[in-house]
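Only a predicted model underlies this, so the values are computations on that prediction, with no experimental measurement involved. Naming convention: chains lettered A, B, ... in sequence-line order (proteins, then strands); numbering from 1 in each chain.
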Amino acid sequence: MSTQKSTSKKTIPIVNDPAQPVTRSLYEPHQKIYPRNISGLYKNWRWVMIWITQIVFYGVPWLQWGERQAVLLDIGTHRFYIFGLVLYPQDLIYLVVILIIAALALFLFTAVAGRLWCGFACPQSVYTKIFLWVERQVEGDRAARLRLDASKLTRNKLLKKMLKHSIWISFSVWTGFTFLGYFAPIRDLMQSILQLHLSPWETFWICFYGFATYGNAGFLREQICKHMCPYARFQSAMFDNDTLIVTYDEERGEPRSGRSRKVDAKQSGLGDCIDCNFCVQVCPTGIDIRNGLQYECISCGLCVDACNSIMDKMEYPRGLIRFSTQNALTHHWSQEQVVKKVLRPRVLIYTGLLLLMSAGLVYSLVTRVPFKVDVIRDRGVMSRIVAGGKVENVYQMQITNASEQVETFKISVSGIEGLSLASAKEFTVNAAESRMVAVSLQIADGSIKSGSHPVIFEIVANGSNERLFEKSIFYMSR
Amino acid sequence: MSDFTSDFWPYFISAIVIGGIVFCLTLLLATSKSHDPAHTGESTGHVYDEDIIEMNNPMPRWWMWMFIITCVFGAIYLFLFPGLGTYTGKLGWTALKQYEQEVKETNDRIAPIYAKFTSMSGEEVAQDPKAMAIGERLFMNNCSQCHGSDAHGSRGFPNLTDTDWLHGGAHETIKETITNGRNGMMPPMAAAVGGPEDVKNVAHYVLSLSNSEHEASRAALGKEKFVACAACHGPDGKGNQAIGAPNLTDDTWLHGAGEAAIIHRINNGLNNKMPAQGSRLTPEQIHVLAAYVWRFSNAK
Ligand code: SF4
Ligand code: SF4
């Protein structure tokens with residue numbers, strides 16, 4: 001059987017027509033996209049999201065928390081300050097959990113409503129949108145911009161371009177400055193800029209992030225979404241036929257054709273699409289949604305706004321292009337049926353995991369003890385006999401005070417009858433510092449059998465009364 | 001670089017690295033144009049199963065440029081930094097130099113903190129809580145492995161908290177000990193003392209010096225033979241800090257108390273070494289550390 005199959009395998013014929021040899025580049029030059037302005041529901045939502053995200057981004061570094069900046073990711077000293085929370089390298093687990101939560105949230109939103117993130121919150125789209133807005137204010141809408149770019153260089157054109165770029169660059173520099181403000185105190189940074197003594201590295205990073213903003217939002221734009229963003233590539237794994245996507249109702253729209261408003265489409269056998277290309281002109285990624293679901297579509301909904309405005313003009317019902325699902329389109333589902341389909345196993349599992357992880361994170365943050373202890377037995381000396389016929393073990397204890405106040409820690413030990421702490425019982429550790437101290441334990445010789453015995457140190461912070469337990473071993477010599 | 005076991009490997013690696021870059025560039029340029037005489041616009045001309053056509057979905061051109069820039073960057077990098085076999089690179093960068101540079105930078109940064117302590121005497125430094133916090137850290141990181149976290153030492157490693165010093169317990173002496181290390185050397189003395197019986201007698205005499213358990217008759221016999229030991233430990237056995245000879249009249253036994261341990265020492269001698277820290281710690285650090293150690297035996 002199998003041999004028969006292999007013999008029936010086809011070869012790939014290379015169509016060869018020496019009469020018409022064509023040489024084409026496999027790398028295409030960038031086609032600039034001139035999205036047209038549009039108003040409507042989704043456009044408004046985009047602006048709402050832009051305001052929210054940008055107020056947060058530009059505002060947060062300026063917030064103060066007591067003596068310090070409220071949110072500061074201090075790489076140099078390995079401390080992350082997030083309002084009342086101070087995270088240390090040992091707290092990496094929180095970062096991991098937060099990243100997992102973010103990933104799960106992305107899975108969930110994608111499964112339910114496709115690339116909502118892309119169209120409404122992704123910095124790449126948001127900055128592109130802002131830059132486009134500037135471009136439109138300076139150069140005019142689509143037609144004017146097309147004309148301007150095609151025209152010869154005149155004084156007027158030069159002025160407009162210069163104005164646009166200087167606004168873009170100022171905005172980019174401010175963005176780079178703000179970004180750095182998350183890693184270095186932003187007020188000091190501002191001071192240094194005003195007094196013109198920014199360090200070389202600070203200058204570099206501000207320029208670097210500024211340049212990234214300028215390049216990405218001013219020039220690369222949808223190219224990032226189409227060619228570089230990994231999310232665009234693996235979203236198909238999270239989509240199914242019940243995922244809300246921007247769709248064109250082909251059944252209703254086709255056959256498309258231009259017509260006068262007076263013509264009765266039904267009678268002349270036409271679909272509702274008047275082939276005005278408005279949906280294509282507003283699309284920031286330059287695609288035609290009427291070709292079906294494409295990976296380039298960032299779900300911004302602008303084509304929905306565009307087509308709805310046409311439908312209104314034509315006095316057709318809205319929704320030729322709309323947020324809907326593949327299933328809803330093929331089975332002519334009502335809105336309720338679509339909503340009902342949202343609660344499918346995939347979504348429920350994502351939601352469950354998301355809630356679980358979030359609850360875990362909240363719980364561990366709330367019950368977090370603001371100090372850390374590490375105990376290591378001294379290896380140089382297993383155990384020694386000291387005055388009074390006692391056997392002694394020595395431990396190195398590292399206490400990290402993760403709070404922002406000086407803290408005194410009380411140490412006690414348990415695990416063996418008669419075991420006592422022979423060294424100091426209290427240690428003071430400065431705010432956000434760690435201290436290594438020697439702790440020694442003693443027990444009367446012969447009171448326990450030789451070998452190792454588990455012991456437990458209990459460390460209590462005097463200020464907060466929070467406690468930690470740390471296990472170790474007491475070694476009794478022969 | 002002499003990390004290669006054979007002359008072949010440096011060339012081998014260089015060939016792979018340079019070959020890789022050249023290969024990438026060649027591939028990029030060779031595939032940038034399609035010479036397939038295709039019919040329809042976006043088809044590459046490959047047809048499979050009658051109607052499955054391979055389409056040309058071109059990459060953006062700037063992507064190709066990024067690829068080229070990456071190759072150029074690679075070439076510049078290999079010119080400046082070591083990466084090609086035994087070639088060390090134009091900048092002369094090495095991991096060791098970078099490490100030394102970073103250590104130097106850190107030391108420069110903390111120099112002002114230490115500068116204040118350096119101008120103070122050891123006794124004053126020992127009173128300064130900030131200096132002692134630094135000293136604690138230095139001790140825990142550098143000394144605790146041998147002398148124990150609580151500085152009580154163990155067999156062969158001196159206890160630093162008693163008042164018994166092999167080489168002297170002044171701040172200056174401790175500094176000297178930390179900087180240059182110490183070499184405690186006791187030669188095998190059995191021959192100089194006499195036969196096994198004599199050795200045993202001397203051992204009992206040594207025990208008697210510190211009022212430890214001993215046989216008085218043997219101690220009396222051993223006393224004469226002790227002259228061999230007196231050269232270092234002194235006629236009265238009180239030791240000599242100038243050469244690090246221990247005091248035998250106290251009950252500190254660095255290498256174990258009791259007859260057997262002492263006999264072993266006389267027969268075999270001893271070589272005890274405290275490694276020099278001068279190359280690992282700066283003089284300023286040692287100044288503070290010595291004060292911290294000094295404080296152990298000179299109450300608060
Ligand atoms: S097709 Fe529509 S929703 Fe998709 S990116 Fe273009 S305008 Fe936005
Ligand atoms: S905007 Fe609507 S009517 Fe106009 S071309 Fe697009 S789908 Fe057709």
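No side-chain N or O of D251(B) forms a donor-acceptor pair with one of S210(B) less than 3.5 Å apart. Inspection of the T163(B) and S297(B) side chains reveals no N or O donor paired with an N or O acceptor under 3.5 Å. N107(B) and Y114(B) share no side-chain donor-acceptor pair at under 3.5 Å. With hydrogens and angles left out, the side-chain atoms of R182(B) and T177(B) include a donor and acceptor closer than 3.5 Å.
For chain B, the nearby parts of V437(A) are the backbone and the side chain; heavy atoms of each come within less than 4.5 Å. Only the backbone of S434(A) comes within less than 4.5 Å of a heavy atom in chain B; its side chain stays farther off. Within the 4.5 angstrom heavy-atom criterion, no atom of Q398(A) approaches chain B. Interface remark: L220(A) contributes side-chain atoms only to the contact with chain B (heavy atom separation under 4.5 Å). Only the side chain of R384(A) has a heavy atom closer than 4.5 Å to any heavy atom of chain B.
Dense packing is recorded around NZ of K425(A), with more than 12 heavy atoms of other residues, nucleotides or ligands lying under 6.0 Å away.
Of the possible polar contacts, one joining the N393(A) side chain to the Y475(A) backbone as a donor-acceptor pair under 3.5 Å is found.
Note: G153(B) leads G153(B), A151(B), G156(B) in heavy-atom pairs under 4.5 Å with chain A. Counting heavy-atom pairs closer than 4.5 Å to chain A, the top-ranked of the candidates H152(B), R137(B), Q145(B) is H152(B).
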